[in-house]
Amino acid sequence: MDNGLKLGVFLCDCGGTLSKVTDFSAIKAKLQKLSDVTYVGISHDLCLKRAQQAMQKDIKDKGINRVVVAACSPELHENDFMNVVQSAGVNRHLLSMANIREQCFWAHPDKGKAAKKAMTQIGMAINRARFLEPVEQTQISVNKDVLVIGGGITGIQAAIELSNLNLKTTLVEKEATLGGKLNRFANLYPVQVSPEEVLATKLKQVAESQNIYVLTSAELIDVSGEVGNFSARIKRGNGEFVRNFGAIIFATGYTTQFSSQIYGLELSNNIITQSQLEEMLKSSSEVKQIPKSVCFVTDISDEHSRVSPLSALRNALGIKEKFRGEVCVLCQNLKVDGAGLEKLYRDCRNKGVLFIKFDNSPRISKQDGKIKIEVEDVLMSGEQVTLPCDLLVVEETSVPPLDSKVLGSTLYMGLDAQGFYQENNVHLYPTASNREGIFFAGNCHADLDLMQALTDASNVALSAYQLLAQGKIAVEAEKVMVDPNKCRFCLTCIRACPHHAIQEAKVNHEKMVAQIADLACQGCGICAVVCPAKAIKPKDWSDEQILAEFELLGEYV
Amino acid sequence: MKAKGAFLPDIVAFCCAQSAYQAADTAGSMRITYPENIRVIRVPCAGRVDVLHILRAFEKGADGVLVLGCHEEACRHLSGNIRAKNRVQRVNTLLQEVGIDGKRVEMFTLAPNQGSRFARIANEVNERIKELGPSPVKSGA
Amino acid sequence: MAKAFKETLNSGKFVVTSEIGPPKGTNLEKLIHHIDLLKDKVDALNVTDNQSSVMRFPSLGTCLLIKERGGEPILQMTCRDRNRMALEADLLFAYTRGIKNVLCLTGDFITIGDHKEARAVFDLDSLQLLHMVRILQSGKDLGGNELDGAVEFCAGATVTPEANPIEPQLIKFEKKVQAGAEFFQTQAIYDLDNFKKFMKYVRGLDKNIKILAGIVLLASAGMAKYMNENTPGVFVPQVLIDEMATAEKGKRVQKGIEIAGRLIRQIKEEAICDGVHIMAIGREEVVPDILAAGGL
Amino acid sequence: MIVAERKPLEDIREMIAGYKKILIVGCGTCVTICWAGGEKEVAVLSSQLRLASKKDGNELEILEATIERQCEKELVEALKDKVQQVEAVLSMGCGAGVQPIAEIFPDMPVYPALNTTFVGMPEGEGVWVETCRACGDCFLDKTGGICPIVRCAKGLLNGPCGGTNNGKCEIDSEKDCAWTLIYRRLEQQGRLDAMRKYYPPRNFQAVIRPGKVETLPA
Amino acid sequence: MANESVLVIGGGVAGVSSALKLAENGFQVYLVERGPIIGGQAAVFCCKATETCSQCSVCLVPEKILEVAANSQISLVVNSEVVGISGGIGDFKVDLLQKPGFVDPEKCIACGICTELCPCEPQKGIYLPFPETAPRTYIIDKNQCLRFKGAECNVCQDNCPAGAIDFEQKPKELEVSAVIVATGFEVFDAREKGLLGYGRYSNVLTGLDLERIFATGDSVTLPSSGECPRNIAFIQCVGSRDEYIGNGYCSQVCCKYAMRFAKLLQYQNPEAKVTIFYIDLQTAGKGFGEFYKECKETIRFVRGIPVEVCKLSPNELEVKYEDLTKGKITKESYDLVVLSVGTAPRKDSWDLARVLGINLGDYGFFDTQDTLDSSRTNVNGIFLAGTCQGPRDIPESIAHGIQAASKVIQTLTARAI
C-alpha cells in the first residue's frame, strides 16, 4: 500500500544502556521487512546536536516523509525532533514517537518482556505514523490595542505598565473618576504611603502617557470575536459604541455589602460599617464628637476573607493616630498572611489596641444609646467579657460586583464558588482565564492585598505584551478542523468547548457552520468527541491515529 | 486458550499528556516497576478519549481499558476529566448491555509527579482484570 | 316527588346539596341505602362520574335510581371518558328520563386513576360542555344539525376560590358565567375570610349567580395536612389542623362533623352564599349528622 | 426538530438475529442534532453489535453509511450498492427515515434502531423536551406562544382546570401548568383579552391522518 | 532591544518563571544556579491531592523545569555563584565562579552507565538526584565519591560515552543588560526549637520531611515502628511569627500545607485522628475557605502552640500545651508530631547583597526601593523575584517571578526609546 509513504525509523539506545537489554539490530531487521519503511537508523544519543544533524541528513537523503523516533519520553525532546524534521524540509507534525526508555526498559526489569514491549511500542508508533497529517504554520495579524475594565489602582497600574511596553490601552471606568477604593481608604497600611499621594502620582503618569485613553462613566456590555480581534460594545451615557481590541483585562475589583440579618442588628449613628468609618477618618477634622471607645467586630459574616480583617487593622491604627480613643478588635482568626501584616498587627498592639479572640460570636446589645458587647475571650480561658463602647464598627463581606455574573455568562468566562472571576484551577493562576486573550487582575478574581494586586497588574501587562507586541502571532492553521459539509450546526461543540474557541460562521455566505478560531483553540479535542456528526478532526490526535495504535493488540510483534 | 495462570491481560491505558503520561515517565525514572502488559496511549487530554475508542479497543481484543486524567479541578482544559468520567460511566452501561462486565473499564486521576500512584493503579487493575479473566469478546466465552 | 332543583335555586331558599359515590360493581344495596338516607334531607343529590379517574357504576344509572325513588339528582359529566357525540346522546337520554340538572366538569387526568394506560378523550372541556348544553337547548347539536325534540337543563359548573394562582381561575369563572352556568359548587372551603373575599368579587360581577360552598368532612389531622399539600386549591388553616389533632382516636370523625356544622351555620347566618354542597367522600352515612350539626 | 432515542440493545439484537451481513444507515439531520442517529452513534451501535456477536461466537459483518437525510428518495437510492451487499438494513433515522428505505428497497428487510419520540427542542446539554404535536390547527397565536395542547396534560383550550397546584400541573409537581405560564405571558404583553375569549371545541380532524400537504407549484 | 541578555540568579520556581517569560519575549537568559540542578525547594515537594486537587501548584514546578530544559534561549549555568559585578543597567559585567560539578550538562545524556559502574557502596558517588531534573545531568556527590577520599578512581570518567565528566574548575564572565535575583529561602531549621524535640525523637518530623516521604513513597509510616500513624499532631508557627528568634513575620504557607497534609493523611487512612495546634488559622486565599470548611468536619483544631514534645515510649510522644478552655497545662499523647516549619531568609544573602550592592530589609530578606513595587531594588537594573524578597507560596512566587520579568522588559524598553 505504497501511497508515497516513506517511513524513517530512528532508534536511540541512550548511550548503549538500552542495547545491553535488547538487540537493536534484531529490531532493525524486523522493521526493514515492512514495505513502507525505507530507512532504520540506530544512534546512541539522539538528544545531542551531533546526532540530530546526522538524522536531518538521513531524512533529506532518503526522501523520508514520515519520521518515527523510538527513544526517551516525548515530553523531553519532542520539540527538538520536530525542529529536526522541519529543517529537513518535512512538515514538523509528521513525527511519531515511541517511549521505549521511561515507559519500557526503565519500568520493566525483565529483559525479554521489555524487548517485546519495545517492539510493540515501535509498531504502534509506526501505525500511528501512517495516519499523520501535515499542519501548516501561519501568521495571524492581531489588533495591538488592549482594553482594561476597571479604573481602580490595579486597572490604573496595568494601563501604566502596558504603556511602558508601548501598547495602546483604553481604560474603562464605571464611576465618573478614576481611583476606585483609593478614594475611599483612609490609609494603605502596611504600605506607608497615603492613598491620596498614590492616586496623585498614578494619575500624573496616566496623564503624561499618550498610550492611555481613559473612558470614565462607561461600561462594557458585550464582547464578540476572538483573541487578537475582540470587538467590545461599550456603553457611555446613553450612547453605545463598538471598538476592537487584541486583549481584554478585567480589574473590576470587589464591592462590600453589610448583611444585617447575619449580624442581627441595624446600622445607626453609633453602629457603622468600615467604609463609613473610613469616610470619617478621611475627613477627621470636621468630626464633631470624637468617639472615646471604638470597637471593631470581624469574622462573623465573612470568616475567610483577607479584606475585612485588613481594613479592621488599618482603621484601628488610623483611629489610634487620629482620635487616640480606646480601640478594641474582636476576631476569630486574624489574617496576617500578607507582606508586613504581622508588623502592622504588632504596631497596633504597641499603640494600645486591644485584641480579643472568640470562638462563638459575641452578643451585641444596645442599652439607652450605649452599645454593650458580651464575648467569651478565648485567650482568657473563655471568661465572659463585657465591653461598653460608644462606636461599633461592623464588618462588610467582600462580594463580586454585580456585573461579574452577567459578563461571566455572556462572555463564557468561568466563575468560582463565590462568583468572582476565574475558576479555581492551578493552571489558570495567577491571571489567566479559561479564554485566550482575556486576563484578570486584582481583587476581581482573588482575595488579594494591595501589593499582590499590583503584582497581578505587571503579570497581565506582560501577558498582553507577549501576545500582541509583534502585531502578529504564529499559529498552527486548522490544527483542529471542522468539515463544513458534515457540520449540522447543532451547537454541541460551541457549548462544550471549555475555552469558547468555537464560533458560528457563514460558509460560502449561506450555510451556518461551527468554526474553530486557531488562536483561541488549546487543542484538547473535547469538541471532536462530542460532535454527533464526526465533523471535527484534530490533525495531531485524529481518531484514525488513535485507532491505528490498537492494531497490534493481542499479538506482540 | 492460555492456561489461567499464564493469562496476561491486554490493558490499554489512555494517558492524559498533562498528568498521567508524565506520571508514567516519573514511575520509569524512579525505576518503579509495573506490569508490562499495560499499553500506554498518549492523548492531549482525558476529554479526548471517545466512547468509540474504548469500544474499538475491546473489539480489538483488549481485556481492560484505563482512562487516566488529571485530578478534579486541576484539568488544564477545565472540564476534560469530568467529561471523561461521564463517558466511562456511559461505556459501563454500553458494555453491560452487550454482556461484558462493566468493571473492565475504569477512570483514575493523577498528578504528573505521582509516579508511585501510577504504578499502584497499574498493579491493582492488572490483578483485577486477571481475576475477571480474558475478555469474552476474544475467547467467545 | 322532590321539587325541581331549578325552582329551589330561584326560590331564594338556603340550598343544600350533597354527593353520592356509586360503587365499583353491580351490588347496589349500599347505594340505594344512601339514596334513601339523603333524598329527602337535601334539595338535590350530585352523583360523581368516575371520580378521581376510578371506574365505577355510571352517574346516569344512579340518577335514574334517585329519580325512581323520588329524589332530585344532579348528573355530573366529565370530558375524560366520552367524546362530544357520546355526551350529547347521554344528555338526550337523561332529559327523557326527567333528569334536569347537569354539572359540567373537565374531569381528573387518567394517570391518577386506576386505568393508567387508558386513552384520555378530552374532546371537550368543562366550558365547551356548558356551551353544548345551551346549543342542545336551542334545538341543534354540535354538528349544527336540527334535533327532533329539544332538551331543557339546569346546568352548573365548579370553581376553586383559593386556587394558586387565582387570576386564571377567575377568568375561567367569568367565561363559565357568560356561558350561562346557573349554579356553582365550589372546591372545599375552610377559611371563610378568603371565601368572603371571593364572594365579594362574585357579587360585584352579577347579583344572581348561585354559589354553593363546598364542605368536605375532615376525617383526621393527617388528612388535613395531606389535602393542604396535594389537593389543588384547598387551604386548611393551621388552627383547624390543631383542633383536629386535639381529638383522640375514636372521636376524630365527630370533631370533623362539628367543624363542618360550624362552617355551615356561619355561612347560613351571614348569608355568605346561596347554599352548601356537602361532599362526604365515602362517608355518606354521616351527612345527616352534618346537616343536623349545621342546623338544617 | 424531530427527537428520537435509541432502542435498547437486546431489542435491536433480536431484530437482526441470524443475519451475517447488515448495513447500518445514519441520518445527518434531526437525529444527529439530538445525538441519537448521527455518524457517531452509528459507529457506537455497530461497535456494540460486533462486540456482542463476537462474544456469542457468531459472525456479523457491518457496513456503515450516514446520508444527509433519509427522508429523501434520491439520497436513499444512493445507498443501492451497499444495500445489495447485505441481508438486512438497520436504519438509525426517525420513523420518517426508516420507511423510505423500506419502500425504495422493498425486498430488503429494514429495521428501526430508534424510537421516534416527539417534535421538540433542547432544554440543556443532552436534554430535549416536546414543544409541538403537529396538530394541524396551530393555536399559538391565542396563547402568546405557549402551546396548551402539548404542555397542558389535558390539552385544554379554555384556561386552567381545577388541578393547578402552586402554578404546577396536578399530575407532576415538576411540570409548570401551561395555563399559568400563558396567563403570565399574556398579562406581561397586556393581551389578557385573548384568554377571556371562549374557544369552541377543537377540530381534531384538521389533518386527516396520515396527513398530506399539497402546495401550489412554486 | 531584542536579543539583549538577562542574568537570573537562582533556579527555583520564581527564577525559572522569570527566565521562561524573558525567553518567550526574545531575551537570551543565563540562569545561574548554585546547586548542580535547577528546581529549588519546590522541585522535591509532593502532590497533596485526595479525590480532588488541593490547589497547591506543586505539579507546575516539574512542568516549568521541563520547559526550561527544552528552551534554547535559556542557558543553564549550574554549580556557579556570582562573585563580582560591574557596570550598570544595559551593560552589567558579571563574574561567576563555577564550582566543579565535574559533569558537563551540555554533554551528559543521563544514560546512567556511570551510576551502574560506580564502585561506591552503599550510596553511589554519582547519580541522578530525582527524576524530573533540568539540566538532565548526573551529579557527583563529594562526600560519597572515593576520589574525594583520596582514592585514584575514575571509573565513571572512562566509561562515560559522552565524555561529559572532567574534574577542574572554570571561572566564567557574562555580559548582561539586567539581573533578576531569585535566590529563594531556607527552610527554618526546627532544631533551633530544641524543646519540640526535632532531631532527638525519630517520630517528630517537619513539613519538609513529609513532602519528601510522600514524593517518593505513597504513604507515611512511623520512622520508629513502620506502622501507619493513627494519632497525628501538627504544630504551627514553628520559626514564624516569633519575634524572639527574629522571624517576626507570618510565612503564609504553613497553615495551608498543614491542612492539605492533614486531609491527605486522613484520605489515606480514614481512622487517623489529626489535631492542629495554631495561633491564628490563615484561611484566606482563593477557594481556601471551602477547603477549610471541609477540614473542620474531620480535623480537630486547638488554639495555642505547645511548648514541649517529649518521649513517652519508643512509639509514643507526649505534647505539653496550655489548654485555653480550661486554662491549665495539658499533656496529650500522639504517635506522630509534624512541625510546620516556616520560610527563613537565606543565611548567605549577606554576601550576595554585598556583591550586588543591594540592601537587605528587615529579617534578612532583600529590600525593595519603592514601597509600591515589590521587585525594584536600590540598584537600577537589578530586580527581585520570589521568596528572597519575602515569604510567598508557589503560585505567588510564580506571579512575582513574572512581575520581575515584566519590570525588566519595561525598563529596557524605556531605555531603548
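Remember, predicted model here, so these are calculated numbers, not experimental data. Chain A is the first sequence line, chain B the second, and so forth, proteins listed ahead of strands; every chain is numbered from 1. Both backbone and side-chain heavy atoms feed into the values below; hydrogens, waters and symmetry mates do not.
Formation of a donor-acceptor pair under 3.5 Å by the D/Lys55 side chain with backbone atoms of B/Ile100 is not found in this model.
In B/Lys103, the NZ atom is not crowded: 12 or fewer heavy atoms of neighbouring residues, nucleotides or ligands sit closer than 6.0 Å. The local environment of CD in B/Glu127 is crowded, with over 12 non-hydrogen atoms from other residues, nucleotides or ligands closer than 6.0 Å. Under a cut-off of 6.0 angstrom, the local environment of CZ in D/Arg151 is sparse, with at most 12 non-hydrogen atoms contributed by other residues, nucleotides or ligands. Atom CD of D/Glu64 sits in a crowded spot, with more than 12 heavy atoms from other residues, nucleotides or ligands closer than 6.0 Å.
Listed here is the closest heavy atom pair of B/Asp50 and D/Lys40: OD1-CE, 3.0 Å. The two atoms that bring D/Lys54 and B/Glu59 nearest to each other are NZ-O, 3.0 Å, heavy atoms only.
With rounding to the nearest 0.5 Å, the separation of CG in B/Leu52 from OG in D/Ser46 is 7.5 Å. To the nearest 0.5 Å, the span separating CG on B/Leu95 from CG on D/Leu9 amounts to 11.0 Å.
Put simply, the side chain of D/Val44 reaches to within 4.5 Å of the side chain of B/Arg90, judged on heavy atoms.
Between chain B and the residues D/Arg13, D/Glu10, D/Glu125, the largest count of heavy-atom pairs under 4.5 Å involves D/Glu125.
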